[in-house]
Amino acid sequence: MYNISSIRKDFPILSRTVYGKPLVYLDNAATTQKPLCVLDAMRDEYLNVNANVHRGVHWMSQQATDLHEAARETVRRFINARSTAEVVFTRGTTEGINLVASSFVEGFMKEGDEVIVSAVEHHSNIVPWQILEKRRGIVLKVIPMNDEGVLDLPAFEQLITDRTKLVSVSHVSNVMGTINPVREIIRIAHEHGLPVMLDGAQSVPHFKVDVQELDCEFLAFSGHKIYGPTGIGVLYGKKEWLDKLPPYQGGGEMIETVSFSGTTFERPPLKFEAGTPDYVATHGLATAIDYVTNLGMDNIQQHEQELTRYAIEQMREIPDIRFFGISESEIAGNVAPHDAVVSFLIGDIHPMDLGTLLDQLGIAVRTGHHCAQPLMERFNILGTVRASFALYNTKEEIDALVAGIQRVVKMF
Ligand code: PMP
């Protein structure tokens with residue numbers, strides 16, 4: 001049963017006040033709040049079994065290693081990877097994408113070879129490639145989108161040439177919440193023999209993501225967006241790719257033998273995990289994954305879709321509102337490929353003004369370019385206001401948002 005009031009008790013921060021007003025936290029696409037079980041698990045590990053992993057023969061080191069490797073198995077099960085060798089711990093989505101960008105270009109690309117991304121990418125799936133454009137002469141190509149934020153698949157297919165080596169796209173847009181047609185993108189890419197990386201930062205927290213079903217070669221996501229701690233994330237990679245990718249960083253943990261005449265590397269995933277991992281955070285992430293799994297990803301998705309639909313229904317009545325990435329038919333109440341985010345502008349009110357005034361009412365939303373400046377350019381705007389929902393949000397909070405917006409609008 002999805003009991004929202006008992007769920008909210010798991011997140012004590014939600015009952016705090018801001019400026020003397022109850023907090024309405026609608027910035028979940030930026031980061032989510034943490035349930036007590038995650039905080040307890042991490043505290044308990046530091047209090048009782050803290051020791052470096054993979055190295056010690058002593059009892060605590062083995063306990064900490066067991067927790068760390070159990071977390072890898074929890075992640076494997078959650079995304080349905082074939083083996084734990086396919087689950088690399090990173091600092092987050094950004095590091096996962098940088099890892100693939102750096103190692104893939106080094107291992108498999110020559111000057112003039114191409115990577116395809118899309119018009120809706122977060123900066124973390126643009127800038128790493130641009131750095132490599134400068135350093136290694138690779139070429140970045142961009143799948144265009146229509147005015148409703150839908151990627152143009154025929155145009156995508158036309159971008160592919162015999163120099164194209166990799167496709168890297170977000171699963172869900174962090175700005176608009178649009179669910180990109182990744183199944184079709186993967187099918188088309190595979191027909192051309194191309195591997196695909198998915199940025200799962202905004203999909204994995206919201207619905208079941210099965211890497212075998214999607215058949216993507218890589219998937220990156222962040223722990224802090226799925227109720228886990230900051231500083232930890234996951235890069236899934238198909239084993240055959242992780243086996244042949246060169247390492248990303250060098251150091252302890254990722255080697256088999258080291259001598260000044262040469263070094264051999266560990267097998268994946270350790271080959272990509274140089275240095276002491278954040279083993280307490282991996283345990284925290286696994287606890288968060290157990291938490292959402294117990295609630296049921298399908299129940300979470302249904303709850304968030306209801307909230308999103310309700311928000312659109314309430315907000316479409318606000319004069320001069322302009323939604324981004326929400327089609328006319330979705331605004332009219334039909335189901336659309338859209339997830340847990342409502343991005344909007346009202347008349348010519350600056351998004352920063354709207355966000356600041358909502359903040360005074362205790363309502364936390366995001367304003368600005370959302371680390372997606374090319375997308376803002378495409379819409380010819382400076383930024384939007386974004387309300388993003390999580391498993392613990394309520395319709396009452398959306399009512400508070402709508403009432404807040406109406407109050408602010410009257411001030412202009
Ligand atoms: N991609 C998308 C779609 C995102 O929303 C974010 C975070 N806003 C990132 C990548 C980067 O995630 P992180 O900062 O956790 O590495």
Side-chain angles (χ1 to χ4, degrees), residues 25-34 38 75 88-102 115 117-131 142-143 145 149 151 167-182 185 196-207 209 214 216 218-236 248 272 278 281-282 284-285 288-289 304 324-325 337-343 364-376 378 383-390:
Y25 185 74
L26 301 176
D27 192 18
N28 295 286
T31 201
T32 52
Q33 303 304 340
K34 321 303 171 201
V38 168
V75 172
V88 176
F89 286 121
T90 62
R91 283 190 301 122
T93 309
T94 304
E95 189 174 53
I97 297 173
N98 274 277
L99 189 164
V100 172
S102 164
V115 171
V117 299
S118 87
V120 306
E121 300 309 319
H122 187 277
H123 293 164
S124 59
N125 195 27
I126 300 173
V127 184
W129 304 111
Q130 288 179 326
I131 291 173
V142 184
I143 309 170
M145 61 168 215
L151 298 182
V167 178
S168 182
V169 291
S170 56
H171 196 171
V172 172
S173 155
N174 67 308
V175 175
M176 305 177 288
T178 37
I179 302 174
N180 293 322
V182 294
I185 289 174
V196 177
M197 171 157 62
L198 294 183
D199 169 350
Q202 301 294 345
S203 60
V204 174
H206 298 291
F207 51 84
V209 173
L214 284 168
C216 55
F218 303 102
L219 168 85
F221 66 94
S222 301
H224 70 99
K225 293 187 200 276
I226 183 166
Y227 315 98
T230 48
I232 194 73
V234 171
L235 173 70
Y236 158 80
Y248 175 49
F272 299 101
D278 195 340
T282 57
L285 172 60
I289 288 176
E304 292 177 351
F324 293 88
H338 185 259
D339 195 61
V341 171
V342 179
S343 218
V365 291
R366 192 67 151 202
T367 63
H369 56 62
H370 316 292
C371 296
Q373 282 177 340
L375 181 55
M376 300 297 109
R378 167 66 179 75
T384 72
V385 181
R386 180 187 70 186
S388 53
F389 312 123

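As the structure is a prediction and not an experimental result, all values here were calculated from the model. Atoms within a ligand are numbered from 1 in the order they appear, just like the ligands themselves. Worth knowing before you read on, the calculation uses all heavy atoms, side chains too, and leaves out hydrogens, waters and symmetry mates.
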K.L.:
Taking atom 13 (P) of ligand 1 as the point of reference, which of I97, T94, T31 owns the nearest heavy atom?
P.N.:
T94
K.L.:
For the OG1 atom of T384 and the CZ atom of F324, what is their distance to the nearest 0.5 Å?
P.N.:
6.5 Å
K.L.:
Name the closest protein heavy atom to atom 4 (C) of ligand 1, giving the residue it belongs to and the distance to 0.1 Å.
P.N.:
H122 CD2, 3.4 Å
K.L.:
Looking only at N/O atoms, are S170 and ligand 1 under 3.5 Å apart anywhere?
P.N.:
no
K.L.:
Which protein heavy atom lies closest to atom 3 (C) of ligand 1, and at what distance to 0.1 Å?
P.N.:
D199 OD2, 3.4 Å
K.L.:
Could you tell me, atom by atom, which parts of ligand 1 come under 4.0 Å of a heavy atom of N174?
P.N.:
3 (C), 5 (O)
K.L.:
Contact between H224 and ligand 1, counting heavy atoms under 4.0 Å?
P.N.:
yes
K.L.:
To check you understand the geometry: which heavy-atom pair defines the closest contact between I97 and W129, and what is its length?
P.N.:
CG2-NE1, 4.3 Å
K.L.:
Within a distance under 4.0 Å of any heavy atom of S222, pick out the atoms of ligand 1 and give their elements.
P.N.:
12 (O), 13 (P), 15 (O), 16 (O)
K.L.:
I'd like to check which ligand 1 atoms, numbered from 1 as shown, lie under 4.0 Å from a non-hydrogen atom of S124.
P.N.:
1 (N), 9 (C), 10 (C), 11 (C)
K.L.:
If we only count heavy atoms from C-beta on, is the T31 to Y25 side-chain gap below 4.5 Å?
P.N.:
yes
K.L.:
For the residue pair H171 and F207, categorise the inter-ring angle as parallel (less than 30°), tilted (30 to 60°) or perpendicular (more than 60°).
P.N.:
perpendicular
K.L.:
So is K225 in contact with ligand 1, going by heavy-atom distances below 4.0 Å?
P.N.:
yes
K.L.:
With a 4.5 Å limit on heavy-atom distance, are the side chains of F218 and L198 in contact?
P.N.:
no
K.L.:
Is Q202 in polar range of ligand 1, meaning some N or O pair under 3.5 Å apart?
P.N.:
yes
K.L.:
Search all heavy atoms of G325 against all heavy atoms of M176 and return the closest pair with its distance.
P.N.:
CA-SD, 3.6 Å
K.L.:
Among side-chain atoms of S170 and H122, is any donor-acceptor pair under 3.5 angstrom?
P.N.:
no
